**Q** 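Sharing a structure with you now.
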Protein chains: 2
Amino acid sequence: MKISTKTRYGLRALVDLAAHSAGEQVALIHIAKRQDLSVNYLEQVFSLLKKAGIVRSVKGAQGGYMLAKEPAKITVGDIIRSIEGEICIVDEEPPSDSVSLVLKNMQQCIWDNVWQKMTESVREVIDHITLEDLMKEYQVLHIDDNIMYYI
Amino acid sequence: MKISTKTRYGLRALVDLAAHSAGEQVALIHIAKRQDLSVNYLEQVFSLLKKAGIVRSVKGAQGGYMLAKEPAKITVGDIIRSIEGEICIVDEEPPSDSVSLVLKNMQQCIWDNVWQKMTESVREVIDHITLEDLMKEYQVLHIDDNIMYYI
DNA sequence: TCAATTCCTAGTATTCCCATATGTTTAACA
DNA sequence: TGTTAAACATATGGGAATACTAGGAATTGA
């Protein structure tokens, strides 16, 4: 019941990108330095993010990545799904016909009353947090720290 | 982001036990037959459930397992935790001091605004479904099927 | 005593995950 | 035009977790 590191890194990298981009592309090496991640690994993550239409890339020297949409239009759900695939708490095959009725009823019961509800609840959360929300929260923390520095 | 099969089996087995127990102990072999599970594997699951005080056992011939509390006092959260350990969406170490401030802020931001909220939301769901709820829902399905049979 | 059952532990196969490494292609810039 | 910086692609190793299987020890009712 864990989120993969790939997703964690991806989310960090995207908030970082949103906070540092200013409409220009940013090379992965800068994100990697700030977030203490391996460039190679980040490349794999951004390949998925690009396929999902969350970022777009500029190739060649001075190239990099930028958001493909406004941060307010990218949800955490979009990001998680683009890296982990569709949110699905359990991977139970749909009860086949060879299965007894007793078992089928049980699976149905638990699916409807537990796994389904957990999944909906998670979706409800992640589909209502945007990259803009996170970016703003991050900047608040950041500014507070700078103020501390000058006291 | 998946629930382990061990937990899925455990939940099925417990609803089955609750529905078939009638205050008496039930041998795992019966549960295993109805739910199409291996007895050996179920034993491992029930060992955890017992440790957590969810079931208690009667050893020897004609022995078996029974619920240690009323079904209304056992939540799905209890069951999941007893098998998977504490619910924790990500395993991020608390940001050590060697980490840069920029990174620490980012981790804090995402923890508070994403992982924390997801975790709370999941807990909210699983801590409010009881074994009694599931047992009743299951019996409804079961009865409906029997009615169908007689039409 | 025998059989049924919990209890305990070891072992194994597989799958997934994290990360590194290496090479190719693309485009800016001098 | 050559160099360089970057995205892009792929493969591979290693490690950890997972899902079982197997088999024996201990316990107890009949």
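These values consider heavy atoms only, across backbone and side chains, with no hydrogens, waters or symmetry-generated copies. Lettering of chains follows the sequences in order, A, B, ..., and the numbering in each one begins at 1. Everything numeric here is computed off the predicted structure, so don't read it as measured data.
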**Q** Could you list all N or O pairs between the protein and nucleotides 20-23 of chain D that sit under 3.5 Å apart?
**A**
{"from": "D/dC20", "atom 1": "OP2", "to": "B/Tyr9", "atom 2": "OH", "distance (Å)": "3.1"}
{"from": "D/dT21", "atom 1": "O4", "to": "B/Gln44", "atom 2": "NE2", "distance (Å)": "2.6"}
{"from": "D/dA22", "atom 1": "N7", "to": "B/Asn40", "atom 2": "ND2", "distance (Å)": "3.2"}
{"from": "D/dG23", "atom 1": "O6", "to": "B/Asn40", "atom 2": "OD1", "distance (Å)": "3.4"}

**Q** Using a 4.0 Å heavy-atom cut-off, does B/Lys50 contact any base of the nucleic acid, only the sugar-phosphate backbone, or nothing at all?
**A** sugar-phosphate
**Q** Applying side chain to side chain donor-acceptor pair (under 3.5 Å), which residue pairs with at least one partner in residues 60-69 of chain A are found, sequence neighbours left out?
**A**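 Qualifying pairs, neighbours excluded: none.
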**Q** I need the B/Leu49 CG to B/Ile54 CD1 distance, nearest 0.5 Å.
**A** 5.5 Å
**Q** With a 4.0 Å cut-off on heavy atoms, is A/Tyr65 in touch with a base, just the backbone sugar-phosphate, or nothing at all?
**A** sugar-phosphate
**Q** To the nearest Å, how far apart are B/Ile83 CD1 and D/dT18 C1'?
**A**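 After rounding, the reported distance stands at 14 Å.
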**Q** Nearest heavy atom decides the nucleotide; on that basis, is B/Ile3 or A/Ser57 closer to the 5' end of DNA chain D?
**A**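 It is A/Ser57, whose closest nucleotide lies nearer the 5' terminus.
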**Q** Rounding to a whole Å, what distance do you find between A/Lys51:NZ and D/dA7:C1'?
**A** 14 Å
**Q** Apply side-chain contact (heavy atoms from CB on, under 4.5 Å) to A/His128 and list each qualifying residue two or more places apart in sequence or on a separate chain.
**A** A/Glu124
**Q** Does B/Leu11 reach the side chain of B/Leu134, with side-chain heavy atoms less than 4.5 Å apart?
**A**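 Of all side-chain heavy-atom pairs linking B/Leu134 with B/Leu11, at least one is under 4.5 Å.
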**Q** Starting from the 5' end of DNA chain D, give me the residue, A/Met1 or A/His30, whose nearest nucleotide shows up first.
**A**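 Its nearest nucleotide being more 5', the pick is A/His30.
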**Q** Take the protein atom NZ of A/Lys2 and the nucleotide atom C1' of D/dT18, then report the distance between them rounded to whole Å.
**A**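 Roughly 14 Å, once rounded to whole Å.
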**Q** What pairs of nitrogen or oxygen atoms, one from the protein and one from nucleotides 28-30 of chain D, lie under 3.5 Å apart?
**A**
{"from": "D/dT28", "atom 1": "O2", "to": "B/Ala61", "atom 2": "N", "distance (Å)": "3.3"}

**Q** In the structure I gave you, are the side-chain heavy atoms of A/Ile89 and B/Lys2 within less than 4.5 Å of one another anywhere?
**A**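 Counting from C-beta outward, A/Ile89 and B/Lys2 never come under 4.5 Å.
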**Q** Could you give the angle between the helix axes at the two ends of the helix from C/dT1-D/dA30 to C/dA30-D/dT1, with five pairs per end, rounded to 10 degrees?
**A** 0°
**Q** Output the distance between atom CD1 (B/Ile110) and atom CD (A/Glu137), rounded to the nearest 0.5 Å.
**A** 11.5 Å
**Q** Within the structure, does a side-chain N or O atom of B/Ser47 lie under 4.0 Å from either OP1 or OP2 of C/dC8?
**A**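 Answer no for this pair, as no side-chain N or O of B/Ser47 is under 4.0 Å from OP1 or OP2.
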**Q** Report the distance from atom CD of A/Glu84 to atom C1' of C/dC16, rounded to the nearest whole Å.
**A**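 Taking atom C1' of C/dC16 as the reference, CD of A/Glu84 is at 12 Å.
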**Q** Write down the distance between CD1 (A/Ile29) and C1' (D/dA5), rounded to a whole number of angstrom.
**A**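 It is 9 Å, rounded to the nearest whole Å.
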**Q** May I ask you to test the B/Lys6-B/Tyr41 pair for a side-chain heavy-atom distance under 4.5 Å?
**A** yes
**Q** Check step by step if side-chain hydrogen bond (donor to acceptor under 3.5 Å, both in side chains) holds for B/Gln108 and B/Asp112.
**A** CA-CA 6 Å; B/Gln108 187 74 41; B/Asp112 292 346; 3.2 Å; yes
**Q** Can you measure A/Asp91 atom CG to C/dT15 atom C1' for me and round it to whole angstrom units?
**A** 12 Å
**Q** Could you list the residues that satisfy side-chain hydrogen bond (donor to acceptor under 3.5 Å, both in side chains) with B/Thr75, not counting sequence neighbours?
**A**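 In terms of side-chain hydrogen bond (donor to acceptor under 3.5 Å, both in side chains), with neighbours along the sequence ignored, B/Thr75 is linked to B/Asp78.
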**Q** In whole angstrom, what separates A/Met66's CE from D/dA6's C1'?
**A** 15 Å
**Q** Going through the distances and angles, do A/Lys73 and A/Thr130 end up as a side chain to side chain contact (heavy atoms under 4.5 Å, CB included)?
**A** CA-CA 7 Å; A/Lys73 295 206 171 135; A/Thr130 70; over 6 Å; no
**Q** Can you confirm whether more than 12 heavy atoms, excluding those of B/Asp36, are under 6.0 Å from its CG atom?
**A**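 No, because the 6.0 Å sphere around CG of B/Asp36 holds 12 heavy atoms or fewer from other groups.
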**Q** What's the CG-P distance between A/Asp36 and C/dA19, to the nearest Å?
**A** 11 Å
**Q** Enter the distance from A/Ile80:CD1 to A/Ile126:CD1 here, rounded to the nearest 0.5 Å.
**A**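 Interatomic distance, A/Ile80 CD1 to A/Ile126 CD1, rounded to 0.5 Å: 4.5 Å.
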**Q** On the nucleotide C/dC16, are OP1 or OP2 found under 4.0 Å from the side-chain N or O atoms that A/Ser4 carries?
**A**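 False: A/Ser4 side-chain N/O out of range (4.0 Å or more) of C/dC16 OP1/OP2.
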